[in-house]
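A short worksheet on the structure shown next.
For clarity, every value in this text was computed on a predicted model and none was experimentally measured.
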Amino acid sequence: MDICVVLPEDCISRIISFTSPRDACRSSVLSPAFKSAADSDAVWETFLPSDYQQIISSSSSTTTTLVSLPKKDLYFYLCDSHLLVNNGTLSFSLNKENGKKCYMVGARRLSIVWGHEPQYWTWTDQRLLPESRYVFFFFFFFFNVYSIAFGLKINKRVLLVCKRFAQVAELKYVWWFDVKGRLETKFLSSKTNYVAYLVFKFANHRHGFEDRPIELSFYLEGRECETRRNKKVVLDPQRNSLPQPYQLRGDGWMEIEMGEFFNEHGADGVVVCSLFDFDRFSPKGGLIVEGIQLRPKN
């Protein structure tokens, strides 16, 4: 007997809402009745964070248009896009597999020693970075197609969201440096293992990172003694040395793991991630920092 005949659509939707986004997508191909139930707002709103409306309202995107989208379309929009929130200093997205929150602390929100001294650090328009131009045109094409399909009005603000942050920090010349990122755990999904990543790249001319390691640190503020984890890495080793300490991302940047922690209730305080080097023996330059991203562990 066809279960769609026995159970009304809202009951099927209720059942599917206890599964996962992947299972909901699989259910939608079973039959027209299952597709209607699996694609319903009742199902996909359960996969969105409970505070998604508040997050969207604090973004620099077209909030009215986003909230009016069907919840399934909104879910995948938030998975594939990056909303700038908190006055453009944080980037928000969703993990496509489970709907958990992902945040990136942008360079402008980082605490960078000498960050306001142009002889040491400069702030660069991300669109002017050579590799970023290709990514920019890809997102421009993608969102124009998306706008035609779903009736979204794309403007410069939305394109800025695609690029995440307008400016990145570029190290010019220092003998030592100290960069810290802080994020309150209440922003993150509860009962979730999170990993922090430094998102970076190098300028065409760089020096000081090919042989001397820098130190990455990760801890919970106020519980530094019990939670602090340090590790030293060479950011720019020779190309033939394996394994490489970083991973290439699909957006033209690189990332390196800084540490991980379990966010129990979202009330653990503040996560602090830092990279520093105090050796004072060799000058350094050419490091470009986009930010520090925290996302659920795979």
Side-chain angles (χ1 to χ4, degrees), residues 49-52 54-55 58-59 82-95 98 100-117 120-121 123 164-165 167-169 171 174 176-200 213-233 235 245-246 253-280 287-298:
S50 59
D51 58 347
Y52 76 91
Q54 179 182 349
I55 294 172
S58 69
S59 78
H82 298 271
L83 292 184
L84 294 180
V85 297
N86 277 50
N87 298 317
T89 61
L90 292 176
S91 167
F92 168 80
S93 62
L94 293 180
N95 182 292
N98 50 34
K100 300 286 189 178
K101 299 176 185 177
C102 306
Y103 276 96
M104 184 185 290
V105 182
R108 277 292 186 186
R109 190 183 173 101
L110 299 177
S111 172
I112 303 177
V113 175
W114 311 113
H116 298 292
E117 301 291 339
Y120 302 125
W121 290 84
W123 295 94
R164 285 196 291 266
F165 307 106
Q167 291 186 318
V168 294
L171 177 63
V174 295
W176 65 274
F177 65 88
D178 185 7
V179 179
K180 285 188 176 67
R182 302 169 73 256
L183 186 69
E184 294 177 74
T185 57
K186 67 180 182 181
F187 283 102
L188 305 173
S189 299
S190 60
K191 299 188 182 302
T192 304
N193 279 308
Y194 273 93
V195 182
Y197 297 90
L198 170 68
V199 181
F200 71 102
I214 67 166
E215 191 156 337
L216 302 176
S217 178
F218 180 91
Y219 59 90
L220 290 172
E221 198 170 72
R223 296 166 53 191
E224 185 172 351
C225 293
E226 59 182 294
T227 62
R228 189 181 187 99
R229 300 291 183 271
N230 294 344
K231 67 177 181 180
K232 293 187 176 183
V233 296
L235 280 186
Y246 55 78
W253 292 81
M254 300 180 288
E255 66 180 25
I256 188 167
E257 183 176 325
M258 303 181 75
E260 65 177 87
F261 81 108
F262 183 71
N263 190 35
E264 179 67 39
H265 302 296
D268 296 315
V270 177
V271 177
V272 181
C273 311
S274 68
L275 61 149
F276 53 92
D277 175 34
F278 297 134
D279 68 17
R280 300 175 184 266
L287 175 67
I288 304 174
V289 178
E290 185 187 26
I292 295 174
Q293 185 176 46
L294 288 97
R295 64 177 189 260
K297 186 176 182 179
N298 293 331

Gap separating the [atom1] atom of [X] from the [atom2] atom of [Y], nearest 0.5 angstrom:
X	Y	atom1	atom2	value
H116	W123	NE2	CH2	7.0 Å
L287	L171	CG	CG	6.0 Å
M254	I288	CE	CD1	9.0 Å
E221	E184	CD	CD	9.5 Å
E215	D277	CD	CG	9.0 Å
L198	Q293	CG	CD	11.0 Å

Assess whether atom CD of Q54 is packed by more than 12 heavy atoms of other residues, nucleotides or ligands within 6.0 Å. no

Heavy atoms only: give me the nearest [X]-[Y] pair and the separation to one decimal.
X	Y	result
L110	G291	CD1-CA, 4.3 Å
L216	L275	CD2-CB, 3.7 Å
Y219	R228	CE2-NH1, 3.1 Å
I55	V85	O-CG1, 3.7 Å
Y194	L294	CD2-C, 3.9 Å
A169	W121	CB-CE3, 3.9 Å

Do [X] side-chain atoms and [Y] backbone N/O form a donor-acceptor pair below 3.5 Å?
X	Y	answer
S189	K101	yes
N87	T89	no
N263	K191	no
S91	M104	no
W114	V174	no

Tell me, do [X] and [Y] make a side-chain contact under 4.5 Å, heavy atoms counted?
X	Y	result
V168	W253	yes
F92	C102	no
K180	D178	yes
F177	I214	yes
I256	F200	yes
P49	L94	yes
S59	L84	no
Y103	L188	yes

Please lay out, stage by stage, how V271 and T185 fare under the test side-chain contact (heavy atoms from CB on, under 4.5 Å). CA-CA 7 Å; V271 177; T185 57; 3.5 Å; yes

Could you tell me whether the side chains of S217 and R229 share a donor-acceptor contact shorter than 3.5 Å?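 No pair is found: no donor N or O on one side chain lies under 3.5 Å from an acceptor on the other.
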
If we ignore angles and hydrogens, is there a donor and acceptor under 3.5 Å between the side chains of T192 and K100? yes

List the steps and the verdict of side-chain contact (heavy atoms from CB on, under 4.5 Å) for V113 and V179. CA-CA 7 Å; V113 175; V179 179; over 6 Å; no

Specify whether F261 and F218 have parallel, tilted or perpendicular ring planes, treating 30° as the upper limit for parallel and 60° as the lower limit for perpendicular.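 The arrangement is tilted - the two ring planes meet at 30° to 60°.
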
I want to check a possible cation-pi pair here: R295 against Y197, using under 6.0 Å from ring centre and within 45° of the ring axis as the test.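 Positive - R295 is close enough to the ring of Y197 and near enough to its axis.
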
Are I112 and Y120 close enough, and set up right, to give a side-chain contact (heavy atoms from CB on, under 4.5 Å), and what steps lead you there? CA-CA 10 Å; I112 303 177; Y120 302 125; over 6 Å; no

